[in-house]
J.: 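The structure under discussion is supplied below as structure tokens; questions concerning it will follow.
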Amino acid sequence: MDKVKAKKHLGQHFLNDESIAQRIADSLTLNGYKKVLEIGPGMGVLTKYLLDKPIETYVIEIDTESVDYLRTHYLKLSDKIISQDFLKYDISKDLGNEPFAIIGNFPYNISTQIVFKTLELRDQIPEFSGMFQKEVAERICSKKGSKVYGILSVLAQAFYDVEYLFTVDEHVFTPPPKVKSGVMRMIRKENYQLPCSEKLLFTVVKTAFNQRRKTLRNSLKSLNLSDSLRNDSIFDLRPEQISVEQFIELTQKIAADGV
Ligand code: SAH
């Protein structure tokens with residue numbers, strides 16, 4: 001069977017460097033799970049290294065042409081190819097309730113949505129590893145004070161320890177993307193239950209970063225907080241100056257304020 005022709009609307013950029021595929025596969029620690037789900041396997045450049053590991057590999061792929069390619073080339077995968085859209089599919093239908101890791105050279109057009117869905121499913125996902133466009137990988141891993149520190153950084157790091165691993169050049173893809181890529185890994189924190197309301201934390205973080213150049217005193221006006229709370233010195237800060245732990249503390253104070 002011929003190679004799959006890259007389709008732009010599916011974010012298809014096929015990796016053609018075997019050593020990078022191997023390095024991405026090797027970024028899995030294999031700690032605390034027996035299954036891995038690869039999102040967007042395409043023609044399987046990364047999949048074949050996963051199949052070498054002592055772990056059960058599942059793949060989910062939206063493109064039926066790629067699915068046909070995988071079915072003919074990777075007989076070992078056969079019943080573990082899920083021909084679906086990761087964002088819409090209830091993955092427990094295939095993976096049950098057991099923990100699994102997520103890996104991929106992800107479709108960049110939906111990268112933040114993939115991370116948000118992972119955060120929703122975090123009880124089942126102890127580890128998440130793979131390649132994004134460099135800016136997104138950097139954003140997820142950035143700390144307070146960085147220009148790219150934002151909603152995704154705070155929410156991912158509330159539950160996961162994150163690590164930027166390495167940068168990948170455009171020319172190792174067919175067709176080459178316009179941007180560089182970055183490989184990162186998230187390992188779920190041992191105690192990842194938040195000591196505050198998750199929903200309120202998401203609201204606070206999103207509201208603050210939607211006006212990232214303002215102090216919290218201005219950006220959080222819509223939350224109708226009491227004057228005494230708004231006198232707290234944290235309200236003098238802009239969101240990029242506030243650590244994940246401080247956002248959690250702030251959420252606790254806001255909850256106690258009666259919002
Ligand atoms: N991992 C392969 C392909 C990367 S391109 C490689 O490294 O060569 C991204 C892949 O994600 C494509 O195969 C594309 O079809 C697939 N994809 C795009 N949107 C998807 C979705 N919503 N769910 C599952 N797969 C998706």
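Numbers here are sequence positions counted from 1. For clarity, every value in this text was computed on a predicted model and none was experimentally measured. Numbering of ligands and ligand atoms starts at 1, following listing order.
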J.: Should you measure from each heavy atom of Phe14, which atoms of ligand 1 turn up under 4.0 Å away?
T.: 3 (C), 8 (O)
J.: Quick one: look at Leu15 and ligand 1, take heavy-atom pairs under 4.0 Å, and tell me if it's side chain, backbone, both or neither.
T.: both
J.: What part of Gln84, side chain, backbone, both or neither, has a heavy atom within less than 4.0 angstrom of ligand 1?
T.: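 The answer is the backbone.
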J.: In Å, rounded to the nearest 0.5 Å, how long is the span from CG of Leu220 to OG1 of Thr207?
T.: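 Leu220 atom CG to Thr207 atom OG1 measures 6.5 Å (nearest 0.5 Å).
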J.: If you count the atoms of ligand 1 from 1 in the order shown, which ones are under 4.0 Å from a heavy atom of Leu10?
T.: 14 (C), 15 (O), 18 (C)
J.: Less than 3.5 Å between some nitrogen or oxygen of Phe86 and one of ligand 1, yes or no?
T.: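 So ligand 1 has an N or O lying under 3.5 Å from an N or O of Phe86.
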J.: Centre-to-centre under 6.0 Å for Phe132 and Phe106, is that the case here?
T.: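 Centroid distance Phe132-Phe106: below 6.0 Å, so yes.
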J.: To which protein heavy atom is atom 15 (O) of ligand 1 closest, and what is the distance rounded to 0.1 Å?
T.: Glu61 OE2, 2.5 Å
J.: Can you tell me which portion of Leu46 lies within the under-4.0 Å heavy-atom range of ligand 1? Options are side chain, backbone, both, or neither.
T.: neither
J.: Among all protein non-hydrogen atoms, which one is nearest to atom 2 (C) of ligand 1, and what is the separation to 0.1 Å?
T.: Pro41 O, 3.3 Å
J.: Starting from atom 9 (C) of ligand 1, which protein heavy atom do you reach first, and at what distance in Å?
T.: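 Ranked first by proximity to atom 9 (C) of ligand 1 is Gly11 O, 3.7 Å.
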J.: Which distance, rounded to the nearest 0.5 Å, do you find between the NZ of Lys199 and the OG1 of Thr251?
T.: 13.0 Å
J.: I need the nearest protein heavy-atom contact for atom 12 (C) of ligand 1: residue, atom name and distance, please.
T.: Gln12 CG, 3.4 Å
J.: Closest non-hydrogen protein atom to atom 24 (C) of ligand 1, residue and atom name please, with distance?
T.: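 Its nearest protein heavy-atom neighbour is Ile62 N, 3.5 Å.
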J.: Can you tell me how far apart CG (Leu165) and CD1 (Ile24) are? Round to the nearest 0.5 Å.
T.: 9.5 Å
J.: Examine Asp63 against ligand 1 and note whether any of their N/O atoms are separated by less than 3.5 Å.
T.: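 In fact, backbone or side chain, Asp63 has no N or O that close.
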J.: With a heavy-atom distance limit of 4.0 Å, tell me whether His13 approaches ligand 1 through its side chain, its backbone, both, or neither.
T.: backbone
J.: Does Leu77 belong to the same Ile/Leu/Val/Met/Phe/Trp/Tyr cluster as Ile103, with side-chain heavy atoms less than 4.5 Å apart forming each link?
T.: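 No.
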J.: Looking at non-hydrogen atoms alone, which of Ala21, Ser66, Gly42, Gly40 comes nearest to atom 1 (N) of ligand 1?
T.: Gly40
J.: Is the number of heavy atoms from other residues, nucleotides or ligands within 6.0 Å of NZ (Lys34) greater than 12?
T.: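 Open.
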J.: Does Phe159 have Lys189 sitting over its ring (NZ/CZ under 6.0 Å from centre, angle to axis within 45°)?
T.: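 Geometry flag: not set, cation outside 6.0 Å or 45°.
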J.: How long is the span from the CD1 atom in Ile102 to the CG atom in Leu37, to the nearest 0.5 Å?
T.: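 Between atom CD1 of Ile102 and atom CG of Leu37 there are 5.5 Å.
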J.: Can you sort out the partners of Arg23 under side chain to side chain donor-acceptor pair (under 3.5 Å), two or more places apart, ordered by chain and number?
T.: none
J.: Please could you name the atoms of ligand 1 that Val45 approaches to less than 4.0 Å, counting only its heavy atoms?
T.: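 Reading through ligand 1 atom by atom, the close ones are 6 (C), 7 (O), 8 (O).
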J.: For ligand 1, which atoms, with element, lie under 4.0 Å from some heavy atom of Ile60?
T.: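 Near Ile60, the atoms of ligand 1 are 24 (C), 25 (N).
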J.: Which protein non-hydrogen atom lies closest to atom 7 (O) of ligand 1, naming both residue and atom, and how far is it?
T.: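 For atom 7 (O) of ligand 1, the nearest protein heavy atom comes out as Asn105 ND2, 2.5 Å.
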J.: Provide, to 0.1 Å, the distance between atom 22 (N) of ligand 1 and the closest protein heavy atom, together with that atom's residue and name.
T.: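 The answer is Asp85 OD1, 2.8 Å.
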J.: Under the ring-ring contact (aromatic ring centres under 6.0 Å, His included) test, which residues partner Tyr149, sequence neighbours left out?
T.: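 Only Phe209 meet the ring-ring contact (aromatic ring centres under 6.0 Å, His included) criterion with Tyr149.
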J.: Does the pair Glu127 and Asn31 meet the rule for a side chain to side chain donor-acceptor pair (under 3.5 Å), with working shown?
T.: CA-CA 9 Å; Glu127 195 167 302; Asn31 277 333; over 6 Å; no
